[in-house]
Amino acid sequence: MTTTVARHPSPTVHTARRLGAALLTMGGIFWALAVVAVVLATLVVWRVNGSVDVSIAVYARQGATWFPFSLGIMLVAAYLRVHVASGMTRRSFVRAALLVEVAAGVGYAAVFTAVVLLERTVHDALGWGSTVTEIQLADESASAGAMLLELSVTFVVANLSGLLVGAVYQRFGAWAGTLTLPLTVGPLVLLLYIPGARFVDLPGIWTTTAAGHLALAVGVGVVLAAAMATVFAAVVLRQQLTPTP
């Protein structure tokens, strides 16, 4: 006679599933509204000008950056205390939160890229242009891979910044959380506007080639993401949670 032992997922996997489900639901709502907004804006511009020669979809970049950023704050505020009160460790929360936020950043980038490429296909079929006017490196001549890479790094940094802001506010309070915003959100703002600066006065390959610009932005983004993940983990692991009154 054999006995089957039920295998339960690790606390990290269990937490990642719960956090991931919440982010997936909110992400679905966001992208449904974003696509409708892009279609409506395109129709309005077409009716007014007779054609649409710029990409409307790229303007969703700001929303796709700051909306998940706010969700990162929400995850810490809503789940960390409950997670610890349920008998699970801060370490498992940190691992799960970082895992789902990195995955969410790449997922948002993939959806964004797909929407922009679909819009470009429609514009080409109608004889319209698809000029990108948003501040980013991947313009209408860039490959899908370049756009996906740039946006993945940007969105991941945004998500990690949200986690860090939430952790700092919860551990140190409102005053400290607000005063440290230049440190917790500043790196994201820096990354968003690196493409506009382009470092034209600095020597190096990035001053003359699109690939160099992209390599610089991605490299800076990876460093920022690693630093923010490290600080987030340190803040949460050292946090003492008191019962909610």
Side-chain angles (χ1 to χ4, degrees), residues 19-75 78 100-163 165 185 188-189 191-196 198 210 213-214 217-218 221 225:
L19 299 182
L23 291 183
L24 185 61
T25 299
M26 299 303 293
I29 295 172
F30 170 83
W31 282 110
L33 294 175
V35 170
V36 170
V38 168
V39 172
L40 291 177
T42 300
L43 291 175
V44 169
V45 174
W46 168 62
R47 290 291 295 174
V48 172
N49 296 333
S51 65
V52 184
D53 295 316
V54 299
S55 173
I56 302 296
V58 296
Y59 291 108
R61 177 173 176 262
Q62 293 295 329
T65 299
W66 295 108
F67 178 69
F69 164 85
S70 67
L71 293 182
I73 300 175
M74 180 202 74
L75 284 188
V100 299
E101 289 291 17
V102 170
V106 176
Y108 268 67
V111 175
F112 186 99
T113 302
V115 171
V116 171
L117 293 180
L118 177 60
E119 176 195 55
R120 190 175 299 172
T121 300
V122 172
H123 282 208
D124 289 343
L126 296 174
W128 298 343
S130 299
T131 302
V132 172
T133 55
E134 179 74 356
I135 298 177
Q136 62 183 58
L137 294 174
D139 58 16
E140 62 275 9
S141 64
S143 67
M147 179 175 291
L148 178 61
L149 180 59
E150 178 187 357
L151 293 172
S152 293
V153 174
T154 300
F155 293 161
V156 167
V157 169
N159 293 353
L160 297 182
S161 178
L163 288 179
V165 170
V185 184
L188 171 58
V189 176
L191 185 62
L192 285 173
Y193 291 100
I194 279 179
R198 293 180 181 266
H213 280 85
L214 182 61
V218 170

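Listed here is the closest heavy atom pair of Asp53 and Gly129: OD1-N, 3.0 Å. Of all heavy-atom pairs spanning Val165 and Ile73, the tightest one is CG1-CD1, 3.8 Å. When all heavy atoms of Ala158 and Phe69 are compared, the pair lying nearest together is O-CD1, 3.5 Å. Summarising the geometry of Leu117 relative to Ala144, their closest heavy-atom pair is CD1-CB, 3.6 Å, with the distance given to 0.1 Å. Taking every heavy atom of both residues into account, Leu188 and Thr154 meet most closely at CD1-O, 4.0 Å. Taking every heavy atom of both residues into account, Pro68 and Tyr108 meet most closely at CG-CE2, 3.4 Å.
Between the OG atom of Ser161 and the CH2 atom of Trp66 there is a distance of 6.5 Å, given to the nearest 0.5 Å. Taken from CD in Glu150 to CZ in Phe155, the straight-line distance is 9.0 Å, to the nearest 0.5 Å.
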Is there a side-chain contact (heavy atoms from CB on, under 4.5 Å) between Val156 and Leu160 once you walk through the steps? CA-CA 6 Å; Val156 167; Leu160 297 182; 4.0 Å; yes
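The backbone N or O of Ser55 sits nowhere less than 3.5 Å from a side-chain atom of Glu119 that would complete a donor-acceptor pair. In terms of modelled atom types and a separation under 3.5 Å, the side chain of Thr65 and the main chain of Arg61 share a donor-acceptor contact.
Shown are Leu19, Asn159, Leu163, Leu24; of these, the side chain to side chain contact (heavy atoms under 4.5 Å, CB included) with Val100 is made only by Leu19.
Leu75 is listed as a side-chain neighbour of Leu23, based on a closest heavy-atom distance under 4.5 Å. Using a 4.5 Å heavy-atom cutoff, the side chains of Val58 and Val116 are in contact.
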Give every donor-acceptor pair under 3.5 Å between a side-chain atom in residues 27-49 and any protein atom, sequence neighbours left out.
from  : atom 1 : to    : atom 2 : distance (Å)
Thr42 : OG1    : Val38 : O      : 2.7

